Number of protein chains: 2
Amino acid sequence: MGEEGVNGLTLSEVARRLGVQPPSLYKYVDSLMALYDQLFRRGMQAHLEVMRVAMEQAGTGLDALNAGLDASGRWCLANGPIAQLMFWRPVPRFEPSADAMAPSVEMVAIQRRALADAVALGQLGPKADSEQALYVVSVFIAGVFGQALANEPDLPWGTGRFTPLLPKLMDVLPALYPPSSTKKK
Amino acid sequence: MGEEGVNGLTLSEVARRLGVQPPSLYKYVDSLMALYDQLFRRGMQAHLEVMRVAMEQAGTGLDALNAGLDASGRWCLANGPIAQLMFWRPVPRFEPSADAMAPSVEMVAIQRRALADAVALGQLGPKADSEQALYVVSVFIAGVFGQALANEPDLPWGTGRFTPLLPKLMDVLPALYPPSSTKKK
DNA sequence: GTCTATATTATGATAGAC
DNA sequence: GTCTATCATAATATAGAC
């Protein structure tokens, strides 16, 4: 997928690199689309786990959210093609199964919780406890990750022109959702 | 490209839809990659023109920048697959020619100029007259456009969950690059 | 400027031997 | 669990007739 594009994956090439004949693969996978589904499922699971651990270690509220996005960005950049498969859907006739999508639902939930915590802590105004705020955060991460992957895919997270911008962008969240009082965490 | 993904374009399918045999196409185009280059070049040209007109009509500084990004977003969403070809590079062995890239260079220049104007007008602080500020803006547009195209590709610009966020994000630019004095445009 | 015919290469998938 | 053989399909591209 890295060499030929995400939808350049073929069972023939997989077989070639495994030193095996193509029909042998059908003992392990039902079809090419089933293989994509496996890659999608495992990717979603690994990504969720990485994010969850980072957020739990960081605490609550904005700290957790920032740590989670940082971990997410690192994982996505380190797993470029899988992340593209997960978040950009570049394979026309591939629809992930409900099973494969499950971790994604959970991921949204923990981010939503972090936003609610940030509001409870007075880090953000009440409007940040919303779907819209979640979309804003998703735009930040999608923008940074997308630009990094398209323009400097080989640079590690935290270097280059784009990935260092994510913390700066997260710092303006309070400008978008100003806390009413001035109490700090 | 819309139906099969950007790199699902084939000369055979083009011929099929033109009601023509595949070899006939070689009178008009040297190769599949040359066809991609034409699509890229014309797309870049049209996109630049749309942006330039919108910015000139809107005035200078942040007004021009906002109008340009709005026009850009509309164009990209209305020309999804071409925009993907232009900004995401989803075709592995395709490298746009220098000729095809030329409008892109000009596009960066006019955005840079709008940022400099915004600083001169006191709308943004001096640090906004920088490459970094350009990257921030590109992250905004890439994030919004990417999320819109991936999640709600058929909704027009200005509707849905993501594209209405772009003006709100542009509104926080002064929080990222605060003007030193408080003079307004 | 269009066509037929063809070369070359590749794919996903199945049947069935071992 | 791996293989060979095969089916059906598709792609880019060229040669050369008309």
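Values below: all heavy atoms of this structure, side chains included; hydrogens, waters and symmetry mates excluded. Sequence lines set the chain letters: A, B, ... in the order given, protein chains first and strands last, and positions in each chain run from 1. Quick caveat: nothing in here was measured; it's all calculated off a predicted structure.
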- Query: Rounded to whole angstrom units, what separation is found between the NZ atom of B:Lys27 and the C1' atom of D:dA17?
  - Reply: 12 Å

- Check salt bridge (Lys or Arg N to Asp or Glu O under 4.0 Å) between B:Arg52 and all other residues, then give those that pass, not counting sequence neighbours. B:Glu49, B:Glu106

- Query: Taking all non-hydrogen atoms of both residues, which atom of B:Leu115 and which atom of B:Ser130 are closest, and how far apart?
  - Reply: CD1-O, 4.3 Å

- Message: Classify the ring geometry of B:Trp88 against A:Trp88: parallel below 30°, tilted from 30° to 60°, perpendicular beyond 60°.
- Response: parallel

- Task: May I ask you to verify if any side-chain N or O of A:Thr10 is less than 4.0 angstrom from the OP1 or OP2 atom of C:dA10?
- Result: no

- Message: Testing the basics here: between B:Leu77 and B:Leu149, what is the closest heavy-atom pair and its distance to 0.1 Å?
- Response: CD1-CD1, 3.9 Å

- Task: Step through the shown structure and confirm whether more than 12 heavy atoms of other residues, nucleotides or ligands are within 6.0 Å of CG on B:Asp30.
- Result: no

- Atom-pair distance (CZ on B:Phe94; C1' on D:dT12), nearest Å: 17 Å

- Phosphate OP1/OP2 of D:dC3 contacted by A:Ser24 side-chain N/O (<4.0 Å): yes

- Task: Take the protein atom OH of B:Tyr26 and the nucleotide atom C1' of D:dT12, then report the distance between them rounded to whole Å.
- Result: 4 Å

- Tell me whether the OP1 or OP2 atom of C:dT11 has a side-chain N or O from A:Arg16 closer than 4.0 Å. yes

- Task: Could you check whether A:Ser12 gets within reach of a base, just the sugar-phosphate, or nothing at all, counting any heavy atom under 4.0 Å?
- Result: sugar-phosphate

- Message: What is the distance, to the nearest angstrom, from the CD atom on B:Glu4 to the P atom on C:dT11?
- Response: 17 Å

- Task: Remember a base hit wins even if backbone is also touched, and classify B:Tyr28 as base, sugar-phosphate or nothing at under 4.0 Å, heavy atoms.
- Result: sugar-phosphate

- Note on the structure: When rounded to whole Å, the CG to P distance for the pair B:Leu32 and D:dT12 reads 6 Å

- Roughly, in whole Å, what's the span from CD in B:Gln21 to C1' in C:dG1? 14 Å

- Task: Whole angstrom is fine here: how far is it from OH in B:Tyr36 over to P in D:dT12?
- Result: 9 Å

- Determine the contact category for A:Pro23: base if any of its heavy atoms lies under 4.0 Å from a base atom, sugar-phosphate if only primed atoms, P, OP1 or OP2 are that close, otherwise nothing. base

- Could you state the CG-P distance from B:Leu25 to C:dC3, rounded to the nearest angstrom? 9 Å

